[in-house]
Chemist: 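Questions regarding the structure given below will be posed in turn.
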Amino acid sequence: MKRGFYTIMSAQFFSSLADNALFVVAVDLLISAGAAEWQRAALVPMFALFYVILAPFVGAFADAYPKGQVMFISNAIKVVGCLLMLFGHHPLLAYAVVGLGAAAYSPAKYGILTELLPASQLVRANGWIEGLTITSIILGVLLGGQLVGPQVSGWLLSFDLPLIDTPIDTPSEAAICVIGLLYAGAAWFNTRIPRTNTQLVPLRQDMDRSMFSNVMDLLPDFWRCNSRLWRDKLGQISLSTTTLFWGVSGNLRYIVLAWSAVALGYSTTKASALVGVVAIGTAVGAILASMRMKLDGATRVIPLGIAMGLLVVCMNFIHSIWLAVPFLVVLGGLGGFLVVPMNALLQHRGHNLMGSGRSIAVQNFNEQACILGLGVVYSMFTRFGMSAYGAITCFGLLVAGIMWCILLWHRHNCKQHPQEVQRLLDIARHDHHH
């Protein structure tokens with residue numbers, strides 16, 4: 001791997017670490033305020049909101065400026081959201097602002113991989129960056145749980161700066177200050193990300209029209225890119241798979257917290273550790289996929305999605321921590337092995353069809369729309385009294401059923417359009433087509 005790849009990984013690690021720690025702190029803030037459970041569940045769709053709203057614009061923005069600069073600006077927006085939560089604004093609003101920064105961050109983060117590395121290294125690169133992202137989720141969730149726990153928060157609140165009287169009086173406020181330092185670390189690495197030789201695609205501007213009109217011109221371009229990826233015989237399969245995976249796994253992060261409270265009687269601090277257990281399995285699966293899978297064989301992992309959905313349903317029958325830990329590791333491992341090659345294939349097709357930034361924006365739009373939709377449904381169910389067990393059953397059956405449909409869809413493409421599928425696979429095998 002090129003040296004710049006490790007700088008990108010470091011920036012992503014600290015930014016994701018802070019995002020996930022802040023999620024746990026936001027949950028704890030809502031619990032402390034006596035907020036209804038549906039508000040806690042709504043944190044996930046609120047984070048996804050700006051991914052969906054801004055999808056037509058952030059891809060073009062990422063392609064118009066150096067990726068490191070885009071990541072730095074996006075990280076600064078996350079800091080604003082962090083500060084809003086610190087100064088007493090509603091956690092749902094503050095976390096939505098953090099989601100705004102993440103929405104702008106993602107096209108640059110993944111898009112630079114296709115600019116920096118050849119196609120033959122995309123699966124490996126995705127395996128490592130997804131593995132590192134999952135590691136940051138593990139540590140971030142654990143860190144957030146510990147920061148609001150009695151031991152660490154007590155130590156933080158007892159720490160005083162000489163001659164400075166700070167207004168930090170609660171465990172959550174102290175935790176947010178630590179998380180702000182993590183965002184600062186990510187910002188420093190953002191400034192070290194190298195420029196690539198890929199030509200920038202400037203935003204279209206007509207001096208005779210208003211800025212709003214120029215921005216709105218990006219909408220038809222985005223929908224054309226979205227349509228091209230859905231029409232592509234490999235792009236449509238990889239996009240539908242990753243869309244479903246992230247839609248469910250994004251909400252599963254909160255569902256595991258709710259399930260562990262009901263099935264095991266865990267507090268937020270203890271429950272956050274189980275979210276980390278799932279992430280451990282996902283990291284292992286991601287790394288194994290990066291070592292064993294090739295880009296042209298990515299579609300062979302689709303049956304794992306069916307198995308993953310059925311395993312989610314089995315969570316309802318686990319009431320012992322000794323069974324829960326290995327089970328969640330296996331569940332996460334299947335997800336990691338599934339998403340890495342499919343994500344790499346999607347990036348490869350998107351880069352060939354429309355450019356890296358725009359393709360990642362299309363990917364984010366579909367995935368985050370799924371997270372938003374499923375999150376809203378889950379929040380409404382909990383508001384009307386649906387249990388965590390019922391939600392888990394619905395999510396698991398949904399995953400298994402839709403993954404089965406995707407498998408049949410790919411088999412239909414191979415049967416009805418064999419030459420086109422084979423042509424696209426040949427492109428994936430050879431770097432000089434990339």
Side-chain angles (χ1 to χ4, degrees), residues 18-51 78 81-82 84-86 88-100 102 137-138 140-150 153 170-173 175-176 179 246-279 312 315-316 328 368 370-395:
D19 290 348
N20 287 278
L22 193 62
F23 170 76
V24 178
V25 174
V27 170
D28 188 72
L29 275 172
L30 290 171
I31 292 175
S32 301
E37 184 181 352
W38 72 267
Q39 291 192 28
R40 304 197 293 271
L43 282 169
V44 174
M46 286 301 288
F47 186 82
L49 179 63
F50 282 108
Y51 274 94
K78 292 183 179 184
C82 190
L84 287 175
M85 198 177 298
L86 177 63
H89 290 80
H90 198 288
L92 286 175
L93 171 64
Y95 205 56
V97 175
V98 176
L100 168 61
I137 292 174
I138 299 169
V141 171
L142 290 175
L143 177 62
Q146 292 301 315
L147 287 175
V148 297
S153 63
T170 66
S172 297
E173 290 173 345
I176 293 172
I179 292 169
W246 289 115
V248 174
S249 63
N251 286 281
L252 198 62
R253 180 175 55 169
Y254 175 75
I255 291 175
V256 169
L257 289 177
W259 167 80
S260 59
V262 174
L264 304 174
Y266 275 14
S267 64
T268 303
T269 300
K270 287 186 176 181
S272 64
L274 285 182
V275 179
V277 168
V278 179
V312 168
M315 287 178 64
N316 290 329
L328 293 175
Q368 298 298 325
C370 189
I371 292 176
L372 179 61
L374 292 178
V376 169
V377 170
Y378 179 77
S379 298
M380 294 303 295
F381 281 165
T382 55
R383 185 172 187 179
F384 292 108
M386 185 177 187
S387 67
Y389 296 127
I392 288 170
T393 301
C394 291
F395 272 66

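This one's a predicted model, so the numbers in the text were calculated from it and none came from an experiment.
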Chemist: Given Asp28, which partner from the list Pro171, Pro91, Ser172 fulfils the side-chain contact (heavy atoms from CB on, under 4.5 Å) test?
Modeler: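 Of all the options given, the one that passes is Ser172.
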Chemist: Do the side chains of Phe50 and Val97 get nearer than 4.5 Å, heavy atoms only?
Modeler: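 No, side chains not in contact.
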Chemist: Give me the atom names and distance for the closest heavy-atom approach of Leu30 to Gln39.
Modeler: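 For Leu30 versus Gln39, the nearest heavy atoms are CD1-O, 3.8 Å.
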Chemist: What's the shortest heavy-atom distance between Ile371 and Ala48, and which atoms?
Modeler: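 Heavy atoms only, the tightest pair is CG2-CB, 3.9 Å.
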Chemist: To the nearest 0.5 Å, how far apart are OG1 in Thr170 and CG in Leu86?
Modeler: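 These two atoms lie 8.5 Å from each other.
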Chemist: What's the spacing between Leu264 CG and Trp259 CH2 if we round to 0.5 Å?
Modeler: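 Rounded to the nearest 0.5 Å, the CG-CH2 separation comes to 5.0 Å.
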Chemist: Ala175 and Val25: which non-hydrogen atoms are nearest, and at how many Å?
Modeler: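 Looks like CB-CG2, 3.8 Å.
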Chemist: Going by side chain to side chain donor-acceptor pair (under 3.5 Å), name the residues that satisfy it together with Gln146, two or more places apart in sequence or in a different chain.
Modeler: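 Applying side chain to side chain donor-acceptor pair (under 3.5 Å) to Gln146 gives none.
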Chemist: Between atom CG of Leu22 and atom CE of Met85, what is the distance when rounded to the nearest 0.5 Å?
Modeler: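 One gets 4.0 Å once the value is rounded to the nearest 0.5 Å.
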Chemist: Which residues satisfy the side chain to side chain donor-acceptor pair (under 3.5 Å) test with Ser32, sequence neighbours excluded?
Modeler: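 For Ser32, no residue satisfies side chain to side chain donor-acceptor pair (under 3.5 Å) once neighbours in sequence are set aside.
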Chemist: Out of curiosity, Leu29 CG to His90 NE2, how far, rounded to the nearest 0.5 Å?
Modeler: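 With rounding to 0.5 Å, CG (Leu29) is 10.0 Å from NE2 (His90).
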Chemist: Using a 3.5 Å distance criterion without hydrogens, assess whether the side chain of His89 forms a donor-acceptor pair with backbone atoms of Leu84.
Modeler: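 Side chain of His89 to backbone of Leu84, a donor-acceptor pair under 3.5 Å: yes, one is there.
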Chemist: Is the shortest side-chain heavy-atom distance between Val98 and Phe47 below 4.5 Å?
Modeler: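 When only atoms from C-beta onward are counted, Phe47 and Val98 do touch, with a gap below 4.5 Å.
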Chemist: Measure from the side-chain N and O atoms of Tyr95 to the backbone N and O of Asp19, and report whether any donor-acceptor pair falls under 3.5 Å.
Modeler: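 Checked: pair present.
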